[in-house]
Amino acid sequence: MRHILCMKWGTKYEAYYVNKLYAMARRHLSGEFRFVCLTDDAAGIRKEVECFPIPRLDIRPEAAGVRDRAWRKLTTLSRDLPDVYGLHGQALFLDLDIVVVGSLDDFFTEPGEFVIIKDYRRPWRVTGNSSVYRFTIGAHADVLDHFRSHETALREQFRNEQTYLSDYVHKQGKLSYWPSAWCPSFKYHGIPVWPTNYWQPPFVPEGARVVIFHGECNPPDALAGRRNRRFRFIRPARWVAEHWKE
């Protein structure tokens with residue numbers, strides 16, 4: 001069984017992010033699959049989505065003013081998914097703030113035990129971007145177990161969950177990466193270079209399947225032509241409306 005897996009916690013993303021992600025997956029993934037959301041609040045999520053509680057991760061909260069380092073995402077590897085929720089097979093994890101623009105079929109057939117996006121800015125590192133990764137449900141529970149047993153030291157060593165996750169799986173010889181064209185960054189690959197960004201709109205990079213929004217804006221910001229840093233202008237990315245919809 002194939003699964004599309006996502007997570008929603010706290011108040012950063014509303015239910016419509018999950019609903020739109022489901023709709024994009026349904027349009028771009030052929031055949032049958034289960035769409036699963038691990039969440040602390042299922043209100044407003046469409047009925048086609050199977051919602052389960054986020055497995056417990058009893059760790060100290062971030063210091064005041066420090067943004068969420070997404071350690072909860074490690075619970076996607078929990079034994080609760082097969083043992084408690086009855087989920088078995090392959091899972092393709094997708095962040096909520098992405099836009100699917102092409103077929104997802106090949107994400108389930110690409111060779112590899114744990115496949116993730118290669119780091120955009122520092123390609124010499126093993127670090128992956130965990131906006132899109134695929135794994136066998138329950139097969140990597142040791143990643144979470146190790147984190148739980150060494151939380152303090154690991155949070156001092158690693159900046160966030162994706163740096164720890166990539167390092168741990170890489171040391172096991174199980175980490176591999178998607179073809180570079182499949183998961184481009186909107187920020188790095190979809191905005192015309194200066195100064196053409198003032199008169200040319202953002203675009204979908206050639207070969208893209210999933211466009212990743214990280215750092216400066218999310219899909220509705222891009223659609224409206226907003227960035228959260230001064231002097232970084234973009235025109236409205238009208239292509240977002242064609243894909244990011246229910």
Side-chain angles (χ1 to χ4, degrees), residues 1-8 13 15-39 45-52 73 76-77 81 85 87-120 128-140 162 165-166 169 174-190 203-214 218-219 222-223 237 239-246:
M1 174 61 68
R2 299 177 302 167
H3 302 75
I4 297 292
L5 179 63
C6 69
M7 292 187 73
K8 184 179 83 71
Y13 297 112
Y16 67 81
Y17 274 83
V18 179
N19 296 340
K20 291 187 178 187
L21 185 60
Y22 169 83
M24 290 187 290
R26 180 64 283 173
R27 289 193 293 271
H28 292 289
L29 182 58
S30 62
E32 296 302 314
F33 64 93
R34 296 174 70 177
F35 192 103
V36 173
C37 180
L38 304 179
T39 184
I45 295 178
R46 58 192 297 167
K47 61 181 178 59
E48 296 93 339
V49 177
E50 300 180 62
C51 293
F52 295 94
K73 285 176 70 173
T76 60
L77 309 177
L81 273 66
Y85 302 155
L87 305 177
H88 301 277
Q90 294 290 302
L92 178 67
F93 179 88
L94 299 176
D95 266 347
L96 294 180
D97 56 346
I98 57 94
V99 177
V100 182
V101 296
S103 174
L104 296 175
D105 290 353
D106 291 339
F107 284 88
F108 285 96
T109 59
E110 179 70 12
E113 291 189 57
F114 196 104
V115 195
I116 197 167
I117 302 171
K118 193 75 174 73
D119 181 73
Y120 297 116
N129 180 305
S130 62
S131 295
V132 182
Y133 57 91
R134 192 204 70 220
F135 61 100
T136 299
I137 294 173
H140 303 278
Q162 66 185 15
L165 171 64
S166 302
V169 179
K174 299 177 180 178
L175 190 69
S176 58
Y177 306 99
W178 304 118
S180 59
W182 287 10
C183 302
S185 160
F186 174 78
K187 178 169 63 173
Y188 296 135
H189 308 122
F203 56 91
V204 177
E206 185 177 356
R209 309 286 186 90
V210 180
V211 179
I212 309 304
F213 289 78
H214 57 106
N218 57 26
L223 180 58
W239 65 263
V240 172
E242 300 174 19
H243 301 279
W244 196 67
K245 60 184 180 182
E246 296 187 45

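Only a predicted model underlies this, so the values are computations on that prediction, with no experimental measurement involved.
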If the plane angle is over 60° it's perpendicular, under 30° parallel, otherwise tilted; pick one for [X] and [Y].
{"X": "H243", "Y": "H28", "result": "tilted"}
{"X": "W182", "Y": "F107", "result": "tilted"}
{"X": "Y133", "Y": "F93", "result": "parallel"}

Could you report the tightest heavy-atom contact between [X] and [Y], atom names first, then the distance?
{"X": "H189", "Y": "P205", "result": "O-CG, 3.5 Å"}
{"X": "L165", "Y": "I116", "result": "CD2-CD1, 4.5 Å"}
{"X": "A208", "Y": "V204", "result": "CB-CG1, 3.9 Å"}
{"X": "A23", "Y": "K245", "result": "CB-O, 3.4 Å"}
{"X": "C183", "Y": "Y120", "result": "O-OH, 2.5 Å"}
{"X": "V240", "Y": "P219", "result": "CG1-O, 3.8 Å"}

So do the side chains of [X] and [Y] get within less than 4.5 Å of each other, counting heavy atoms only?
{"X": "H3", "Y": "L92", "answer": "no"}
{"X": "L87", "Y": "L5", "answer": "no"}
{"X": "L21", "Y": "I98", "answer": "yes"}
{"X": "W244", "Y": "L223", "answer": "no"}
{"X": "L38", "Y": "Y85", "answer": "yes"}
{"X": "E48", "Y": "F35", "answer": "no"}
{"X": "Y17", "Y": "N218", "answer": "yes"}
{"X": "D119", "Y": "Q162", "answer": "no"}

(request) Please check if any side-chain donor atom of D97 sits under 3.5 Å from a side-chain acceptor atom of Y13, or the reverse. (result)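 Result is yes, a qualifying pair exists.
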Distance (rounded to the nearest 0.5 Å) between [X] [atom1] and [Y] [atom2]:
{"X": "F186", "Y": "H214", "atom1": "CZ", "atom2": "NE2", "answer": "10.5 Å"}
{"X": "L29", "Y": "L104", "atom1": "CG", "atom2": "CG", "answer": "5.5 Å"}
{"X": "M24", "Y": "N19", "atom1": "CE", "atom2": "CG", "answer": "10.5 Å"}
{"X": "Y22", "Y": "I45", "atom1": "OH", "atom2": "CD1", "answer": "13.5 Å"}
{"X": "S131", "Y": "K73", "atom1": "OG", "atom2": "NZ", "answer": "5.5 Å"}
{"X": "S30", "Y": "F108", "atom1": "OG", "atom2": "CZ", "answer": "10.0 Å"}

[X] side-chain N/O to [Y] backbone N/O, donor-acceptor pair under 3.5 Å:
{"X": "R2", "Y": "G89", "result": "no"}
{"X": "K8", "Y": "V18", "result": "no"}
{"X": "W239", "Y": "V101", "result": "no"}
{"X": "N129", "Y": "I117", "result": "no"}

(message) Does this structure show an ion pair linking R134 with E110, if we count only N-O contacts that are shorter than 4.0 Å?
(response)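 Between E110 and R134 there is no salt bridge, as every charged N stays at least 4.0 Å from the carboxylate O atoms.
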